[in-house]
Amino acid sequence: MTQRGRATRPTAPAGRSRRTDGDRGGDRAGASRGDLAARRTRLRDVIAPVVTAAGYDLEDVSVSRAGRRHVVRVIVDADGGINLDAVADVSRVVSAALDAAEESGGDLVAGEYQLEVSSPGVDRPLTLPRHWRRNAGRLVKVTVRVERPDAQSAVDRQVTGRVVAADDERVVLETESGQVEHRYAALGPGRVQVEFHRLDEIDEADEVDDDDDDESDGDEHDAADEDDDDDVEDEER
């Protein structure tokens with residue numbers, strides 16, 4: 001079973017932080033956003049090649065402060081989703097790449113930091129063709145830029161529909177008015193909608209399975225009772 005939720009796992013044993021050997025004096029709590037952006041760029045340059053070589057897509061790299069240390073979060077994905085074993089594999093190769101980069105070129109993140117690798121959650125926006133393709137069958141809300149026939153400025157409309165198909169140029173949505181095709185250039189970031197009735201259907205299916213199991217157990221008990229009755233009759237004879 002693949003998991004597309006928040007499968008976060010730290011690379012350090014027992015969640016402990018990684019610590020670089022560089023000077024921590026230049027990494028005070030008041031570090032500017034520009035510093036964090038520069039670190040993010042350096043980290044992405046190191047991480048992207050190894051993630052791609054491992055067969056996954058690098059969706060995002062972020063650097064944030066957590067008290068006196070940093071947290072480096074790496075989001076990866078693949079066709080079919082990412083399971084916990086894949087997260088662990090990516091964590092190892094990314095950690096090794098960061099260690100090698102620091103040994104050869106200096107600290108990527110000054111001071112202590114924790115590395116976290118996870119798969120995209122349902123709240124991640126759909127911005128690339130592969131995002132739409134991997135969410136086929138899901139209900140999505142998106143802003144669509146609609147050109148007006150009177151040559152006036154285009155208007156934005158909110159559209160909610162189920163992803164029927166997606167390729168490198170367009171996506172097909174099943175809406176209340178039927179199937180509609182949109183090119184990605186006309187779409188804003190898509191948002192997957194949580195469908196609670198689908199969760200209810202899953203729960204009902206589980207209850208049906210439990211009922212079937214109970215009925216099967218009952219039949220087995222009845223058969224066992226009949227065997228016991230036969231044994232009693234044989235002993236009386």
Side-chain angles (χ1 to χ4, degrees), residues 1-136 166 168 189 192:
M1 178 178 180
T2 58
Q3 176 175 343
R4 299 182 62 87
R6 300 289 301 173
T8 302
R9 176 173 177 171
T11 58
R16 288 178 295 175
S17 302
R18 297 159 53 87
R19 179 173 179 175
T20 61
D21 296 327
D23 181 11
R24 299 181 59 184
D27 187 52
R28 300 181 178 85
S32 67
R33 293 183 178 180
D35 291 338
L36 293 178
R39 292 177 188 142
R40 179 177 179 272
T41 299
R42 293 197 301 270
L43 287 166
R44 193 177 187 95
D45 291 341
V46 173
I47 294 171
V50 296
V51 170
T52 301
Y56 303 99
D57 294 316
L58 178 61
E59 297 294 348
D60 192 24
V61 175
S62 65
V63 185
S64 61
R65 291 301 301 251
R68 300 176 66 178
R69 65 182 180 183
H70 289 93
V71 176
V72 178
R73 293 185 175 88
V74 179
I75 309 297
V76 298
D77 201 5
D79 290 344
I82 296 291
N83 58 27
L84 293 178
D85 289 337
V87 168
D89 291 340
V90 174
S91 296
R92 283 191 289 270
V93 297
V94 169
S95 181
L98 293 177
D99 289 343
E102 289 170 354
E103 290 176 1
S104 62
D107 295 343
L108 295 173
V109 178
E112 296 181 356
Y113 68 96
Q114 175 133 340
L115 173 64
E116 293 181 358
V117 177
S118 66
S119 59
V122 295
D123 58 336
R124 299 283 300 178
L126 311 183
T127 58
L128 298 174
R130 66 171 181 261
H131 299 162
W132 292 91
R133 185 182 70 250
R134 290 169 181 170
N135 282 278
D168 291 338
V192 174

Residue pairs, two or more places apart or on separate chains, that pass side-chain hydrogen bond (donor to acceptor under 3.5 Å, both in side chains) and touch residues 49-59: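 As it turns out, the side-chain hydrogen bond (donor to acceptor under 3.5 Å, both in side chains) pairs with a partner in residues 49-59, which skip direct neighbours, are D57-R134, E59-R130, E59-H131.
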
Side-chain donor or acceptor of R42 paired with backbone N/O of L108 under 3.5 Å: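 Pair found, side chain donor or acceptor close to backbone of L108.
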
Testing the basics here: between [X] and [Y], what is the closest heavy-atom pair and its distance to 0.1 Å?
X    : Y    : result
V51  : L58  : CG1-N, 3.9 Å
S91  : L115 : O-CD2, 4.2 Å
T127 : P189 : CG2-CB, 4.1 Å
V50  : V46  : CG2-O, 4.0 Å

Residue pairs, two or more places apart or on separate chains, that pass salt bridge (Lys or Arg N to Asp or Glu O under 4.0 Å) and touch residues 43-52: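 Those involving residues 43-52 do not exist here.
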
R73 side chain to S118 side chain, donor-acceptor N/O pair below 3.5 angstrom: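 No.
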
Residue list, side chain to side chain donor-acceptor pair (under 3.5 Å) with S62, at least two apart or on another chain: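 With sequence neighbours excluded, S62 shows a side chain to side chain donor-acceptor pair (under 3.5 Å) to no residue whatsoever.
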
Residue list, side chain to side chain contact (heavy atoms under 4.5 Å, CB included) with V93, at least two apart or on another chain: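 Once residues adjacent in sequence are excluded, V93 has no partner under the side chain to side chain contact (heavy atoms under 4.5 Å, CB included) criterion.
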
Partner residues of P49 under the side chain to side chain contact (heavy atoms under 4.5 Å, CB included) criterion, sequence neighbours left out: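 Here no residue qualifies.
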
Distance (rounded to the nearest 0.5 Å) between Y113 OH and L98 CG: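 Here the interatomic distance stands at 4.5 Å.
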
Rounded distance [0.5 Å steps], CD in E116 versus CD1 in I75: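 Spacing of CD (E116) from CD1 (I75) equals 9.0 Å.
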
Set of residues satisfying salt bridge (Lys or Arg N to Asp or Glu O under 4.0 Å) with respect to R40, sequence neighbours excluded: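 Expected list: D60.
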
Candidate list V94, V109, V117, test side-chain contact (heavy atoms from CB on, under 4.5 Å), partner V72, passing option: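 Going through V94, V109, V117 one by one, the side-chain contact (heavy atoms from CB on, under 4.5 Å) with V72 is satisfied by V109 alone.
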
Worked verdict on H70 versus R65 for side chain to side chain contact (heavy atoms under 4.5 Å, CB included): CA-CA 4 Å; H70 289 93; R65 291 301 301 251; 3.0 Å; yes

